[in-house]
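Structure provided below as structure tokens; questions to follow.
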Amino acid sequence: MSTHTEAGHHGPAKGISRWILTTNHKDIGTMYLVFSLIMLFIGGSMAFVIRAELFQPGLQLVMPEFFNQMTTMHGLIMVFGAVMPAFVGLANWQVPLMIGAPDMALPRLNNLSFWILPFAFSMLLATLLMPGGAPDFGWTFYAPLSTTYAPPSVTFFIFAIHMMGISSILGAINIIVTIFNMRAPGMKMMDLPLFVWTWLITAFLLIAVMPVLAAVVTMMLMDVHFGTSFFNAAGGGDPVLFQHVFWFFAHPEVYIMVLPAFGIVSQIVPTFARKPLFGYHSMVYATASIAILSFIVWAHHMFTVGMPLVGELFFMYSTMLIAVPTGVKVFNWVSTMFRGSMTFETPMLFAIAFIVLFTIGGLSGLMLAIAPADFQYHDTYFVVAHFHYVLVPGAVFGIIAGVYYWLPKWCGKMYDEKLGQWHFWLSFIGVNLTFFPMHFVGLAGMPRRIPDYALQFADFNMLTSLGAFLFGTTQLLFVYILIKTVRKGKPAPQLPWDGAKGLEWTVPTPAPYHTFATPPVFGDK
Amino acid sequence: MKRWLTPTKPSGLLAIVVLMFGFGFMLVPLYDVFCEITGLNGKTGGPYQAQAETLPVTSERQVTIQFVANRNDNLPWSFAPEQEQMKLAVGERKQTVFSVSNSYDRPVVARVIPSVSPARAADYLNKIECFCFQKQPLQAGEAKEFPLVFFIDPDLPEDITKLTLSYTLFDISDTD
């Protein structure tokens, strides 16, 4: 027993080996978050190239081939490198703290699943320097563009995807096992904080669909190198099959990228409204319904492939059905705020912006779900506007809100509220200036993934580019705020937000290296 | 349920992962079976098996069939139907020819992939003999006539009066 107590008090190892060998959930969480921040800037600089080229009509800066590589890599890096690892990082930090566990259930696996990522992304980024260039077939890598007509670097892309998949699957297994087996005594499933619930459901989505992604890239690998014809019509295969298998993975994937953000917002809104969350049970059931429905709607991404009418109708109505549980969630957040004593600190501002702007993205999603209308919108900037509205002010704002919310507990210091407010307002203006005009050019018929466009789209594209530059540079302010907080922030109190509830706020500030060495008794504060 | 298979344990979760990886591959045959049962995708089946003579000829109902010949990747070959469209009675056995010539200076192995539009007519277009059943090797400069023997099933839905049979010619010399 005495050795156990000693173990509870030793600090982290010194030097670089602390980070390489660590099995501590807080260290690994920090590494995930820093990694995803780096990826955000790499992916962001690619967006910068795209928007600089599209600032004016005509070809100014880059060749179309390189432009295609930029759109592809931007998508892949933001999805697999920025958003997903950021959520895993938040889960690593918060899930053990919120359920009263001393660490993740499988700490060494946790270390492995993080350290796969730098290798996977080095490999993916290295393709930019290879002969033939980086992957240029869009982040959706449709066959035969990604098989018959792919650059030679496609093999590295395939292995990078395999590695990212393994990392996500291991991370998801770890989170599920932790939540099921390491809850504080007395904490039932329906006592779980919503961030933990949404992550549990997300983790099940991950282990269900990441293997399908692995399968589809393996089929590509075999088509490219071993003479099979899964997606090659000449050999009796079918390129449309690729789209079915890909979207069977990728539709749940888009919910993987937003469900944890729902959880974060469900933690933040009650805190700053100083009211318990409205409709906890319906929130859990709504999240589960969204996850289950995500498996039967995939073909709404491919209404134009020549599906029979019955198929179009099925996928149209099932997609629209998802608006119901999503509407329940938005209703609950608004009801939580209703008659609350609200204050508007930075995390709350990001959370409210999430609710409003995600709803806009959801509504354009409903428009796209209308099969006959989709023939007009398909592959236009309207689609780009839609998914950026759900991913940037959706997923990314959710992550930023979570970081501001929990940062005082993590590092024991308070961020600069004034700078936080600046960060929010500049991001809010930047995001809308970037993505709102895309709706207009999309409805007017501007296709996505092109380096040049017709003259009538020039003004809106210039606005979009200006917004993108504003939004991108504003995130440098975010980095400055983070560094300033860690270096010389004012010490944060034990409970930085007076409406905050939950086990994570019962540990000292800053959270010690080891927490809950003795399990807390839930409900006995 | 076996204890290790519970979805709250790493072993059980790994089992789900393996299962879903397999499911990804299972989607390939499932897709084909699904398309075959529902007749989606406009894919026609293999050689017609039953005895063609036993089928009733109902000459009252006439349909139009159009033939389209495409070359993938714009291969420098010629590939064209002898007749671009014909009228025939349902149940009636017809023969037509597609002519193809290899204008490459090397031998080429080709494969022809059929597709029927509207897709739900695919199930009713029965081919007794078709050049699309086999790979077609052609010597440099060689010209050939590809025969097609087919009939249309009398059960063809009433509202279909015109169908298009399209063939796409692929060069598969590399993969062969």
Side-chain angles (χ1 to χ4, degrees), chain A residues 105-106 109 144 148-149 165-166 168-170 172-181 200 203-204 206-219 222-223 226-238 240-246 248-249 252 305-311, chain B residues 6-32 34-35 38-43 46 70-73 75 108-115 117-122 132-133 135-136 166-176:
Chain A
L106 309 161
L109 197 69
T148 316
Y149 305 105
I166 291 170
S168 301
I169 289 168
L170 296 181
I173 288 178
N174 210 343
I175 288 166
I176 295 174
V177 175
T178 307
I179 295 172
F180 274 119
N181 299 297
L200 179 67
F204 270 108
L206 276 168
I207 61 162
V209 300
M210 290 311 278
V212 177
L213 174 69
V216 75
V217 293
T218 308
M219 288 182 229
M222 295 201 274
D223 271 12
F226 306 127
T228 57
S229 296
F230 285 104
F231 309 128
N232 183 4
D238 193 336
V240 176
L241 171 69
F242 175 89
Q243 299 185 27
H244 280 289
V245 185
F246 175 79
F248 186 84
F249 145 75
V305 294
M307 259 191 287
L309 185 64
V310 184
Chain B
T6 10
T8 57
K9 293 207 165 122
S11 47
L13 294 166
L14 267 179
I16 299 180
V17 170
V18 173
L19 204 77
M20 289 308 291
F21 186 69
F23 178 73
F25 279 89
M26 276 293 292
L27 283 172
V28 179
L30 277 177
Y31 176 75
D32 284 342
F34 186 79
C35 289
T38 53
L40 298 179
N41 212 15
K43 280 190 177 173
N70 297 307
R71 293 157 301 148
N72 191 43
D73 290 342
L75 300 169
V108 162
V109 184
R111 181 185 273 280
V112 187
I113 304 290
S115 170
S117 179
R120 63 203 167 93
C132 57
F133 297 150
K135 289 183 239 176
Q136 301 288 354
S166 130
Y167 283 108
T168 308
L169 192 68
F170 290 90
D171 176 358
I172 56 164
S173 316
D174 298 338
T175 51
D176 198 47

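Every chain is numbered from 1, with letters handed out A, B, ... down the list of sequences.
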Sort out for me which of A/Ile179, A/Leu109, A/Ile176 touches chain B most, counting heavy-atom pairs under 4.5 Å.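 Most heavy-atom pairs within the cutoff with chain B belong to A/Ile176.
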Give the minimum heavy-atom separation between B/Met20 and A/Ala208, together with the two atoms involved.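 Heavy atoms of B/Met20 and A/Ala208 come nearest at CE-O, 3.0 Å.
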Taking atom CG of B/Leu13 and atom CG of A/Leu170, what is their separation to the nearest 0.5 Å?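 Answer for the CG-CG pair, B/Leu13 versus A/Leu170, is 11.0 Å.
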Partner chain B: residue of A/Val310, A/Val212, A/Val177 with the largest heavy-atom pair count (under 4.5 Å):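 Among the listed options, the one with the most contacts to chain B is A/Val177.
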Can you tell me how the ring of B/Phe23 sits relative to the ring of A/Phe248, calling it parallel under 30°, perpendicular over 60° and tilted otherwise?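 Tilted: the ring planes of B/Phe23 and A/Phe248 meet at 30° to 60°.
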Is there a side-chain contact between A/His244 and B/Leu27, using heavy atoms and a 4.5 Å cut-off?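 Side chain of A/His244 against side chain of B/Leu27, heavy atoms only: no contact under 4.5 Å found.
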Heavy-atom closest contact (B/Gly24 atom, A/Ala215 atom, distance):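 Looking at all heavy atoms of both residues, the shortest contact is CA-CB, 3.8 Å.
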Value rounded to 0.5 Å, distance of CG in A/Asp238 from CD1 in B/Ile113: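 Atom-to-atom, A/Asp238:CG and B/Ile113:CD1 are 10.0 Å apart.
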Between A/Val245, A/Leu106, A/Val216, A/Leu241, which has the largest tally of heavy atom pairs under 4.5 Å with chain B?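 Top count of heavy-atom pairs under 4.5 Å with chain B: A/Leu241.
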So for A/Ile169, is it side chain, backbone, both, or neither that comes closer than 4.5 Å to the heavy atoms of chain B?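 Answer is side chain: those atoms of A/Ile169 sit under 4.5 Å from chain B.
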Between A/Ala172, A/Gly311, A/Ala214, A/Ala105, which shows the greatest number of heavy-atom pairs under 4.5 Å with chain B?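 Between A/Ala172, A/Gly311, A/Ala214, A/Ala105, the count favours A/Ala214.
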B/Phe21 vs A/Thr218 side-chain heavy atoms within contact, under 4.5 Å: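 Yes. Closest side-chain heavy atoms under 4.5 Å.
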Atom pair CZ/OH of A/Phe242 and B/Tyr31 - distance to nearest 0.5 Å: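 Between A/Phe242 CZ and B/Tyr31 OH, I get 13.0 Å after rounding to 0.5 Å.
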Engaged part of A/Tyr149 at the chain B interface, taking heavy atoms whose separation is under 4.5 Å: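 For A/Tyr149, side-chain heavy atoms alone lie under 4.5 Å from chain B.
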Specify the closest pair of heavy atoms between A/Ala233 and B/Phe170, including all atoms of both residues, with the distance to one decimal.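 Scanning both residues completely, I find the closest heavy atoms to be CB-CZ, 3.5 Å.
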